[in-house]
2 protein chains.
Amino acid sequence: MVKAAGKGAARPSVWLAGQARGGRRGGGQPSGLDRKRITEATVRLLDAEGLAKFSMRRLAAELNVTAMSVYWYVDTKDDLLELALDAAFGELRLPDADGDDWRERLRALAGEYRSLLVRHPWLSPLAGRYLNIGPHARAFSRTVQDVIRRAGLPAHGVTGALSAVFQFVYGYGTIEGHYLARAADAGMTPDDYYRHAMRAVTEDPAASGAVEQSRDIMAARGGDTVSEMLERDFDFALELLIAGIEAMAARG
Amino acid sequence: MVKAAGKGAARPSVWLAGQARGGRRGGGQPSGLDRKRITEATVRLLDAEGLAKFSMRRLAAELNVTAMSVYWYVDTKDDLLELALDAAFGELRLPDADGDDWRERLRALAGEYRSLLVRHPWLSPLAGRYLNIGPHARAFSRTVQDVIRRAGLPAHGVTGALSAVFQFVYGYGTIEGHYLARAADAGMTPDDYYRHAMRAVTEDPAASGAVEQSRDIMAARGGDTVSEMLERDFDFALELLIAGIEAMAARG
DNA sequence: ACCTGAACACCGTTCAAGT
DNA sequence: ACCTGAACACCGTTCAAGT
């Protein structure tokens, strides 16, 4: 027996499949189903209940259809999640190719990406899990590259600089979205949740060591609210990255 | 009815639980089970088969025990994964508090974290999903803070700079580990897999637009192997971040 | 104190059958 | 062409029962 990767060597992405089976009119069918409607319902459910609770059966119920109808339009759950992922990237407002200088456009792009990740906390695990080469994701990455290229970096540095900026934004948006979702789940404001978590950590003997460190952070941050801290840290880090790009461009 | 977060408002972390039930000798029991052995088997299985395939039943089989025995030592699957997460952070070799200058220690820490994420691709989703406040994770974050504090940044910039650096490393290590795992699953070298993926994207009409952009990147990167590219981009980005920290420190 | 077996309420997906 | 129902091979977890 030849050692194979699982059974059937799954196709790496929906976007590399043959012509889609779905995508017809929508209304001709008894149920009015099509890929667009299914994808929209998926995004809605993911926003409302999160990735962990999403299931094909749950989605079918939402669409007033039997569990297996969806499979006429979509091969697997993975394919459907890839479609939802790219649909979310479609929400990004991309700045014009020309106009402001690259710094201003980079701030705009980073801000858009961050707020997308916060708005859809399920997006971050999906962006990590799949290839993310749908049309909207590609438009985004093309724009990002255009912007970075204007910064005057040496050619061999462009992809590295791009990584530095957007891996940061990705990571930051991920934990921020996660944190806010947790707070909302617990029925608290972000500030109440912060105080609550701090108290839990402080009171637990196993967590000693986290305490002094957190106190320092709090002191440094002053009496800000959580969202002020999040804003300030993000802005500072982004300016740091821009300063780093400038420094590397100057080195040549 | 009061609106509650699910049923029972799940405890936010194993590390905030009361005294652990497990952790006894290990050998007194018929099966020789304890938390340590269970956690080690979990890490082994996650390395071998990935997060998606991991299950409590699969783990029990590995330990030659019935599915439910594990629940004597661990409350839920989530708790167990948190234990595995912190165990992995225990593999990090943290540099001494004093010695080299902060730049050298930052490079060492970033390199350690990156290789940890690559070695254990399951770690990245878990680090995003849980609070990650186990003893080893806390030791890591304490060390990171010590290092950043030596860079001469204004107090309000320390946490932002910390985010910039370690969100970058996290994101970079995540996609790198993911990529290498995919290649290995497909039974290819990283270079073969790269060529294969490029060909798939190039041939697919839907992917037009990704092509020219990728060609540019390739051209800029020269005839490197994938691992040379990964190395170069990581190093460039890290130097960019260090330069950015220096610039922000100079601004005061 | 520790471990088992049966059971509950779920999954994603296949397949033969309906209209 | 589109949709359904039953079935398969799984899950995490509860619970009563064993030793």
Side-chain angles (χ1 to χ4, degrees), chain A residues 6-11 14 19-38 41-42 45-46 49-84 126 129-130, chain B residues 6-11 14 19-38 41-42 45-46 49-84 126 129-130:
Chain A
K7 42 178 170 184
R11 171 172 45 72
V14 223
Q19 205 44 267
R21 199 158 48 182
R24 288 176 217 58
R25 286 286 66 210
Q29 290 86 339
S31 63
L33 237 51
D34 60 30
R35 270 199 179 202
K36 186 156 166 295
R37 247 172 60 76
I38 291 173
T42 301
L45 268 182
L46 288 169
E49 305 182 358
L51 184 56
K53 285 192 181 165
F54 179 81
S55 80
M56 297 299 274
R57 289 166 142 106
R58 180 79 189 72
L59 171 67
E62 189 75 7
L63 292 165
N64 290 311
V65 112
T66 221
M68 297 306 102
S69 307
V70 179
Y71 281 94
W72 182 258
Y73 300 91
V74 132
D75 278 349
T76 62
K77 187 189 182 187
D78 281 326
D79 279 10
L80 180 54
L81 291 176
E82 271 196 275
L83 292 173
L126 296 187
R129 172 144 69 236
Y130 304 112
Chain B
K7 43 179 169 181
R11 174 172 42 72
V14 222
Q19 206 44 267
R21 197 156 51 182
R24 288 176 218 59
R25 285 286 65 210
Q29 290 87 336
S31 63
L33 238 50
D34 61 30
R35 270 200 180 202
K36 186 158 166 294
R37 245 171 62 73
I38 291 172
T42 300
L45 268 182
L46 288 169
E49 306 180 359
L51 185 55
K53 284 192 182 163
F54 179 81
S55 79
M56 296 301 272
R57 289 164 142 107
R58 180 78 189 72
L59 170 68
E62 189 76 6
L63 292 165
N64 291 311
V65 111
T66 221
M68 297 305 100
S69 307
V70 180
Y71 280 96
W72 182 259
Y73 300 92
V74 133
D75 278 350
T76 63
K77 187 188 182 186
D78 280 326
D79 278 10
L80 180 54
L81 291 176
E82 271 196 275
L83 293 173
L126 296 187
R129 174 144 69 235
Y130 303 113

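Chain identifiers are assigned alphabetically (A, B, ...) following the order of the sequence lines, protein sequences preceding nucleic acid strands; residue numbering begins at 1 within each chain.
For A:Y71 and D:dA7, the OH to P distance is 19 Å, given to the nearest whole Å. Between the C1' atom of C:dA7 and the CZ atom of B:R57 lies a distance of 10 Å, rounded to the nearest Å. If you take CG of B:L33 and P of C:dA1, they are 17 Å apart, rounded to a whole angstrom. One atom, CG of A:D34, and another, P of D:dA1, lie 17 Å apart when rounded to the nearest Å. Atom pair A:R58:CZ and C:dA9:P shows a separation of 18 Å (rounding to whole Å applied). Nucleotide D:dT14 holds its P atom 14 Å from the NZ atom of B:K77, rounded to whole Å. Atom CG of B:L59 and atom P of D:dT13 are 12 Å apart (whole Å). What separates CE of B:M68 from P of D:dC11 is a distance of 11 Å, to the nearest Å.
Taking 4.0 angstrom as the limit, A:S55 places a side-chain polar atom (N or O) nearer than this to OP1 or OP2 of C:dC11. Not one side-chain nitrogen or oxygen of A:S69 sits closer than 4.0 Å to the OP1 or OP2 atom of D:dC2. Between B:T76 and D:dG12 there is no side-chain N or O to OP1 or OP2 distance below 4.0 Å. For A:W72, no side-chain nitrogen or oxygen approaches OP1 or OP2 of D:dC3 to under 4.0 Å. Using a 4.0 Å cut-off, some side-chain N or O of B:Y73 falls inside it from OP1 or OP2 of C:dC3.
A side chain to side chain contact (heavy atoms under 4.5 Å, CB included) with B:K36 is found for one member of B:L33, B:D34, B:I38 and no other, namely B:D34.
Going from the C1' atom of C:dC15 to that of D:dC3 covers 14 Å, rounded to whole Å.
Side chains of A:L46 and A:L81 form a contact here, defined as non-hydrogen atoms less than 4.5 Å apart. Put simply, the side chain of B:T42 does not reach to within 4.5 Å of the side chain of B:L83, judged on heavy atoms. Within the 4.5 Å cutoff, the side chain of B:W72 has no heavy atoms near those of the B:V65 side chain.
Within 4.0 Å (heavy atoms only), A:M56 reaches sugar-phosphate atoms of the nucleic acid but no base atom.
The pairing partner recorded for C:dA7 is D:dT13, the criterion being a Watson-Crick or G-U wobble arrangement whose two distances lie under 3.5 angstrom. Across the strands present, D:dC2 finds its partner in C:dG18; the criterion is a Watson-Crick or G-U wobble pair with both atom distances under 3.5 angstrom.
Nearest heavy atom pair, residue B:Y130 against residue B:E82, reads CG-CG, 3.5 Å.
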